[in-house]
Novice: 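Please see the structure below; I have some questions.
Proteins get letters first, then strands, A, B, ... in listed order; numbering begins at 1 in each.
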Amino acid sequence: MGKFPVIVFDFETTGLSPGRGDRAIEIGAVLLQDGQIIDRFQSLMNPGIPVSPFIQGLTGISNAMVRRAPRCAEVMTAFADFIGQHPLVAHNATFDARFLDAELARIDRIRTNEMACTLLTARRIYPHISSHKLEALIRYKKLHSEGVFHRAAADAEMTARLWVAMIEDVKKLAGLSELSLEAIQKLCRISKARAQSLFTQEHGL
DNA sequence: TGCCAGGCCCTCTTTAGGGCCTT
């Protein structure tokens with residue numbers, strides 16, 4: 001695991017699209033350094049709009065729970081302070097980045113942090129597996145799980161474990177002792193075929 | 001009214017379509 005600290009985070013939301021009015025209802029994050037979780041952030045938040053029965057069923061987060069929670073602005077202000085300028089990591093990062101940027105815009109803050117994506121990385125280094133969902137990757141790498149999915153803190157922590165495991169795999173296969181975020185981002189940008197020849201055929205991963 | 005995300009990436013592609021992944 002690289003020496004540089006990264007924030008691994010996950011949102012639960014009212015739906016798929018902030019552009020359609022969907023909002024964040026929970027944020028979970030961990031601060032990783034040297035492969036260890038050294039800090040955590042978790043909070044439900046009240047978006048001021050109803051949580052649909054579908055999302056309540058998916059996440060277990062009810063309207064009563066978000067009504068009791070602090071407003072999004074309050075939570076996102078604290079979260080913005082928590083992430084600082086650390087690089088960010090999320091599973092399907094474009095999804096979480098859209099909600100992060102939308103919620104930050106509502107409190108007049110702008111994200112400048114770089115981001116890496118465990119989904120894109122996993123598709124590159126494990127191209128042979130049938131699913132790259134977070135749950136499937138946790139099972140594939142035999143990583144510890146409490147069996148809780150679709151809650152922000154649990155998903156952020158599992159994403160962090162996955163990130164650490166993938167960094168170790170890439171380092172091993174590439175013969176490197178350290179791996180920068182930039183190197184991971186580059187890996188995501190190379191073609192699947194090239195990644196396959198790098199990591200599957202030559203190294204038997 | 002009815003519909004409604006967006007980005008990545010593969011492929012029987014690029015003058016496009018569809019699956020995966022996130023909630």
Side-chain angles (χ1 to χ4, degrees), chain A residues 7-30 42-63 65-66 69 72 75-76 79 88-106 111 113-141 143 145 148-163 166 181 184-201:
Chain A
I7 300 274
V8 187
F9 75 106
D10 181 69
F11 276 114
E12 302 307 315
T13 70
T14 61
L16 293 173
S17 174
R20 279 176 50 197
D22 286 321
R23 298 292 305 274
I25 54 174
E26 188 180 43
I27 178 70
V30 300
Q42 187 276 328
S43 183
L44 286 165
M45 59 187 111
N46 183 353
I49 61 172
V51 180
S52 71
F54 174 77
I55 294 296
Q56 291 184 55
L58 180 71
T59 64
I61 299 170
S62 67
N63 280 298
M65 288 164 72
V66 297
C72 289
V75 174
M76 291 308 300
F79 185 62
L88 304 174
V89 175
H91 196 66
N92 198 11
T94 56
F95 173 85
D96 289 285
R98 274 200 303 278
F99 277 95
L100 177 60
D101 293 347
E103 293 294 343
L104 288 179
R106 289 173 177 269
R111 169 182 66 92
N113 315 52
E114 286 192 281
M115 281 200 66
C117 177
T118 47
L119 170 63
L120 295 183
T121 307
R123 281 177 175 163
R124 286 294 170 265
I125 66 178
Y126 314 126
H128 53 292
I129 63 176
S130 59
S131 170
H132 298 88
K133 286 182 184 181
L134 179 60
E135 198 171 340
L137 287 162
I138 294 298
R139 277 199 308 272
Y140 172 67
K141 292 302 297 175
L143 299 171
S145 158
V148 177
F149 291 92
H150 296 299
R151 284 304 298 265
D155 283 3
E157 187 149 343
M158 283 188 293
T159 303
R161 291 197 194 104
L162 176 63
W163 173 253
M166 290 197 306
L181 186 76
I184 290 287
Q185 289 170 329
K186 269 185 195 163
L187 174 64
C188 291
R189 286 194 294 268
I190 69 174
S191 74
K192 186 175 180 179
R194 168 106 176 104
Q196 212 144 14
S197 73
L198 276 177
F199 296 100
T200 308
Q201 292 162 13

Novice: Counting any heavy atom closer than 4.0 Å, what does A:L134 reach on the DNA or RNA strands: base, sugar-phosphate only, or nothing?
Specialist: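 If one applies the 4.0 Å heavy-atom cut-off, A:L134 turns out to touch the sugar-phosphate alone, with no base involved.
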
Novice: Going by the rule side-chain contact (heavy atoms from CB on, under 4.5 Å), which residues pair with A:E157 if we only count those two or more places apart in sequence or in a different chain?
Specialist: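 Here the qualifying residues are A:I37, A:R40, A:R161.
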
Novice: For the C1' atoms, the ones on B:dG6 and on B:dT23, what distance do you get once it is rounded to whole angstrom?
Specialist: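 Comparing C1' positions in B:dG6 and B:dT23 gives a spacing of 13 Å.
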
Novice: Counting only N and O atoms by type, is there a donor-acceptor contact under 3.5 Å from the side chain of A:N63 to the main-chain atoms of A:P50?
Specialist: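 Checked: no pair found.
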
Novice: Check for a donor-acceptor pair, side chain of A:D22 on one end and backbone N or O of A:L16 on the other, with a separation under 3.5 Å.
Specialist: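 Side chain of A:D22 to backbone of A:L16: a pair is present.
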
Novice: When you check the phosphate oxygens OP1 and OP2 of B:dC21, does a side-chain N or O of A:H91 lie under 4.0 Å from one of them?
Specialist: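 Checking A:H91 against B:dC21: no side-chain N or O falls below 4.0 Å of OP1 or OP2.
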
Novice: So what does A:G15 hit on the nucleic acid, given a heavy-atom distance under 4.0 Å: a base, only sugar-phosphate, or nothing?
Specialist: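 Touches a base.
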
Novice: Pick the P atom in B:dC3 and in B:dC9, then give their distance to the nearest Å.
Specialist: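 It comes out at 31 Å once rounded to the nearest Å.
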
Novice: On a whole-Å scale, what distance lies between the C1' atoms belonging to B:dG2 and B:dA16?
Specialist: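 Those two atoms are separated by 24 Å.
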
Novice: I'd like to check A:R23 versus A:C72 (side-chain heavy atoms, cut-off strictly below 4.5 Å). Are they in contact?
Specialist: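 In contact.
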
Novice: Using only side-chain N and O atoms of A:R123, determine if any of them is under 4.0 Å from OP1 or OP2 of B:dC10.
Specialist: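 No, A:R123 has no side-chain N/O under 4.0 Å of OP1/OP2 on B:dC10.
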
Novice: Using the C1' atom in both, what is the distance from B:dG19 to B:dC12, to the nearest Å?
Specialist: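 B:dG19 and B:dC12 have their C1' atoms separated by 16 Å.
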
Novice: Taking any heavy-atom pair under 4.0 Å as a contact, classify A:L119: base, sugar-phosphate, or nothing.
Specialist: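 Result for A:L119 = sugar-phosphate.
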
Novice: For A:S131, answer base if it contacts any base atom (sugar-phosphate contacts may also be present), sugar-phosphate if it contacts only those atoms, and nothing otherwise; contact means non-hydrogen atoms under 4.0 Å.
Specialist: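 The answer is sugar-phosphate, as A:S131 gets under 4.0 Å only of primed atoms, P, OP1 or OP2.
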
Novice: Using the P atoms only, state how far B:dG18 lies from B:dT13, rounded to an integer number of Å.
Specialist: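 Those two atoms are separated by 14 Å.
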
Novice: With respect to the phosphate group of B:dC20, does any side-chain polar atom (N or O) of A:H132 fall under 4.0 Å of OP1 or OP2?
Specialist: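 So the side-chain polar atoms of A:H132 never come under 4.0 Å of the phosphate oxygens OP1 or OP2 of B:dC20.
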
Novice: Take A:G19 and A:H150, find for each the nucleotide of DNA chain B with the closest heavy atom, and name the residue whose nucleotide sits nearer the 5' end.
Specialist: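 Its nearest nucleotide being more 5', the pick is A:G19.
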
Novice: I want to check one thing: is the phosphate of B:dA5, taken as OP1 and OP2, less than 4.0 Å away from some side-chain N or O of A:R20?
Specialist: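 Checking A:R20 against B:dA5: at least one side-chain N or O falls below 4.0 Å of OP1 or OP2.
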
Novice: Hey, does A:F99 reach any base, or is it just sugar-phosphate, or nothing, if we go heavy atoms under 4.0 Å?
Specialist: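 Nothing, no nucleic acid heavy atom in range.
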
Novice: Can you figure out which of B:dT23, B:dC8, B:dG6 approaches the side chain of A:R98 most closely?
Specialist: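 Comparing B:dT23, B:dC8, B:dG6 against the side chain of A:R98, the answer is B:dG6.
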
Novice: What integer distance in Å separates A:L16:CG from B:dG19:P?
Specialist: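 Going from A:L16 (CG) to B:dG19 (P), I get 17 Å.
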
Novice: With a non-hydrogen cut-off below 4.0 angstrom, is A:D10 in contact with a base, only sugar-phosphate, or nothing?
Specialist: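 Sugar-phosphate, backbone atoms only, no base.
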
